[in-house]
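Input: a single structure, listed below in structure tokens.
Predicted model, so just to flag it, every value in this text is computed and none were measured. Just so it is clear: chains get the letters A, B, ... in the order the sequence lines come, proteins before strands, and each one is counted from 1.
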Amino acid sequence: MVNELILDLSKYSSFSLDYCFKSGQIFGWRKMDSYWYGPYDDVVLRLSQISDRLKIHASKEISEKEIIHFLGLKDKKKDVDKRLALNLFMRSAISRYSAVRIFRQDPSNTILSYLCAQNKNIPAIERMIFELSRKFGDRVELDGTTFYTFPRFGRIARSNVNELLRVGLGYRAKYLLEASKALKEDVDYINKIKEMSYVNAWNEMVAGNMKLIGVGPKVADCILLYGFEKMEAFPIDVWVSRVYTTAFDKLLPEEESKYYFERLCLKNRLDKGLYLKLANSARKVFGEYAGYAQLYIFMYGRDYLRYCR
DNA sequence: ACTCGACCTGAAAT
DNA sequence: AATTTCAGGTCGA
């Protein structure tokens with residue numbers, strides 16, 4: 001257990017702190033000068049990278065093992081990339097963003113985070129998470145600056161809708177409160193989801209007995225991928241749906257591809273039925289690495305769409 | 001099972 | 001400058 005830690009990244013193939021934090025997979029972190037500051041459990045971390053040298057500074061003691069796990073450094077990215085490089089779109093995405101990794105976030109944090117993340121753009125989500133942490137998290141000083149840890153659901157559960165509304169959550173306030181109460185009520189909720197297969201967990205969260213109000217198909221996939229290490233989850237948001245047929249060029253049977261193209265052109269909101277079809281097709285193509293495929297498609301897809309305009 | 005409008009809020013677009 | 005649109009979707013009729 002240490003406060004300072006230096007990791008030699010040459011052991012792990014490509015890794016970019018900037019890509020990881022700018023990929024939209026995690027909220028509540030900010031870059032000041034060349035340092036990334038953000039909460040990890042009850043600690044605030046300061047991360048910086050100069051080529052293969054990753055420096056970690058922590059407000060309390062942490063273990064190297066934890067950090068390596070958190071940063072997803074154990075993923076065999078060379079194997080992942082080889083498996084996903086199936087067409088021109090994917091090869092381009094990988095050559096640009098190969099240095100991105102999926103972080104292993106705290107499960108309950110991802111539930112609260114992605115409940116906030118619906119129907120808002122990323123800067124707005126960052127603002128909500130920042131205000132939420134400022135109000136309900138613990139204060140931590142690091143490098144002469146004040147930071148806040150991510151709020152625990154127990155603290156949110158003791159709050160009320162009016163107090164949460166002041167954070168600017170809008171209709172998500174009720175979702176956060178209800179989810180926090182449910183997690184407090186069912187102390188085994190997190191562990192049960194952890195032990196389930198991806199499919200069972202998704203069904204439970206979206207339509208089963210463990211359903212949380214505000215958790216739909218997309219939010220469930222984000223929670224399961226980023227919080228529960230269900231790597232075959234394939235969250236489909238507006239960006240992924242916009243580039244879906246391009247990203248899957250030559251990877252689906254022509255009939256299927258044509259059907260998706262027509263449906264996706266027709267409407268920009270996915271119903272549960274179409275969502276499942278698109279996500280299941282993605283899993284058929286990308287298998288156990290569908291989560292990484294989604295991150296590549298999201299990141300490169302946004303570049304691609306910006307370039308089109 | 002499928003469709004549709006409503007939903008908090010604030011920044012960006014018109 | 002006032003008004004509309006849009007944003008990592010989901011709910012309920």
**Item:** Any pair counted as salt bridge (charged side-chain N to carboxylate O under 4.0 Å, His left out), so long as it reaches residues 156-178 of chain A, sequence neighbours left out
**Value:**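 For residues 156-178 of chain A, and leaving out neighbouring residues, there are no salt bridge (charged side-chain N to carboxylate O under 4.0 Å, His left out) pairs at all.
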**Asked** Applying salt bridge (charged side-chain N to carboxylate O under 4.0 Å, His left out), which residue pairs with at least one partner in residues 235-246 of chain A are found, sequence neighbours left out?
**Response**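 Residue pairs passing salt bridge (charged side-chain N to carboxylate O under 4.0 Å, His left out), neighbours aside: none found.
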**Request:** Could you give the distance separating C:dT5 and B:dG5 at their P atoms, to the nearest angstrom?
**Result:**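 So the two P atoms sit 14 Å from each other.
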**Asked** What interatomic distance, in whole Å, is found between P of C:dA13 and the corresponding atom of B:dC8?
**Response**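 Nearest-Å result for B:dC8 against C:dA13 at atom P: 14 Å.
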**Request:** Using side chain to side chain contact (heavy atoms under 4.5 Å, CB included) as the criterion, list what pairs up with A:Arg30, not counting sequence neighbours.
**Result:**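 Here the qualifying residues are A:Met32, A:Phe130, A:Thr145, A:Phe147.
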**Asked** What residues form a side chain to side chain contact (heavy atoms under 4.5 Å, CB included) with A:Asp221, not counting sequence neighbours?
**Response**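 So A:Asp221 forms a side chain to side chain contact (heavy atoms under 4.5 Å, CB included) with A:Tyr198, A:Trp202, A:Ala233, A:Pro235, A:Tyr275.
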**Item:** Flag for A:Ser98-A:Asp81: side-chain donor and acceptor within less than 3.5 Å
**Value:**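 Distance-only check passes for A:Asp81 and A:Ser98.
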**Side-chain donor-acceptor contact under 3.5 Å, A:His69 with A:Glu229** =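 The answer is yes; a qualifying pair exists.
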For [X] and [N], give me the distance from atom [atom1] to atom [atom2], rounded to whole Å.
X	N	atom1	atom2	result
A:Met128	B:dC8	CE	P	14 Å
A:Ile122	C:dA7	CD1	C1'	10 Å
A:Lys174	B:dC8	NZ	P	9 Å
A:Trp239	C:dA7	CH2	P	7 Å
A:Leu270	C:dA7	CG	P	14 Å
A:Arg302	C:dA7	CZ	P	11 Å

**Prompt:** Hey, which of A:Phe15, A:Phe27, A:Trp36, A:Tyr35 is the one that makes ring-ring contact (aromatic ring centres under 6.0 Å, His included) with A:Phe21?
**Reply:**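 So the option named by the test is A:Trp36.
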**Message:** Among A:Ile68, A:Asp8, A:Leu7, A:Leu5, exactly one meets side chain to side chain contact (heavy atoms under 4.5 Å, CB included) together with A:Leu54. Which residue is that?
**Reply:**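 Testing A:Leu54 for a side chain to side chain contact (heavy atoms under 4.5 Å, CB included) against A:Ile68, A:Asp8, A:Leu7, A:Leu5 leaves exactly one candidate, A:Leu7.
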**Asked** Looking at the rings of A:Phe286 and A:Tyr292, which for Trp means the six-membered one, are their centres under 6.0 Å apart?
**Response**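 Not under 6.0 Å, so no.
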Of all residues at least two apart in sequence or in a different chain, which pass the ring-ring contact (aromatic ring centres under 6.0 Å, His included) check with [X]?
X	result
A:Tyr300	A:Phe89
A:Tyr244	A:Phe248, A:Tyr260
A:Tyr40	A:Phe70
A:Tyr19	A:Tyr97

Write down the protein N/O and nucleotide N/O pairs, taken from nucleotides 3-5 of chain B, whose separation is under 3.5 Å; answer none if there are no such pairs.
unit_1: B:dT3; atom_1: OP2; unit_2: A:Lys267; atom_2: NZ; d: 3.1

Dump every N/O contact between nucleotides 9-14 of chain B and the protein below 3.5 Å, one line per pair.
unit_1: B:dT9; atom_1: O2; unit_2: A:Lys120; atom_2: NZ; d: 2.1

NA contact type, [X], heavy-atom cut-off 4.0 Å: base, sugar-phosphate, or nothing?
X	answer
A:Gln25	base
A:Tyr275	nothing
A:Ser23	base

**Item:** Closest-nucleotide ordering on DNA chain C, the 5'-leading residue of A:Tyr175 and A:Leu295
**Value:**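 It is A:Leu295 whose nearest nucleotide is closer to the 5' end.
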**Prompt:** Can you list, by residue number, the residues of residues 200-227 of chain A that have a non-hydrogen atom closer than 4.0 angstrom to DNA chain C?
**Reply:**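 Output list: A:Lys211, A:Ile213, A:Gly214, A:Val215, A:Gly216, A:Pro217, A:Lys218, A:Val219.
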**Prompt:** Can you tell me which stems DNA chain C forms when a stem means 3 or more consecutive Watson-Crick or G-U pairs under 3.5 Å?
**Reply:**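 Looking at DNA chain C, the stems formed by three or more consecutive pairs are B:3-7 with C:9-13, B:9-14 with C:2-7.
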**Asked** Would you say A:Arg91 has more than 12 foreign heavy atoms packed within less than 6.0 Å of its CZ?
**Response**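 Atom CZ in A:Arg91 is packed in, count exceeds 12.
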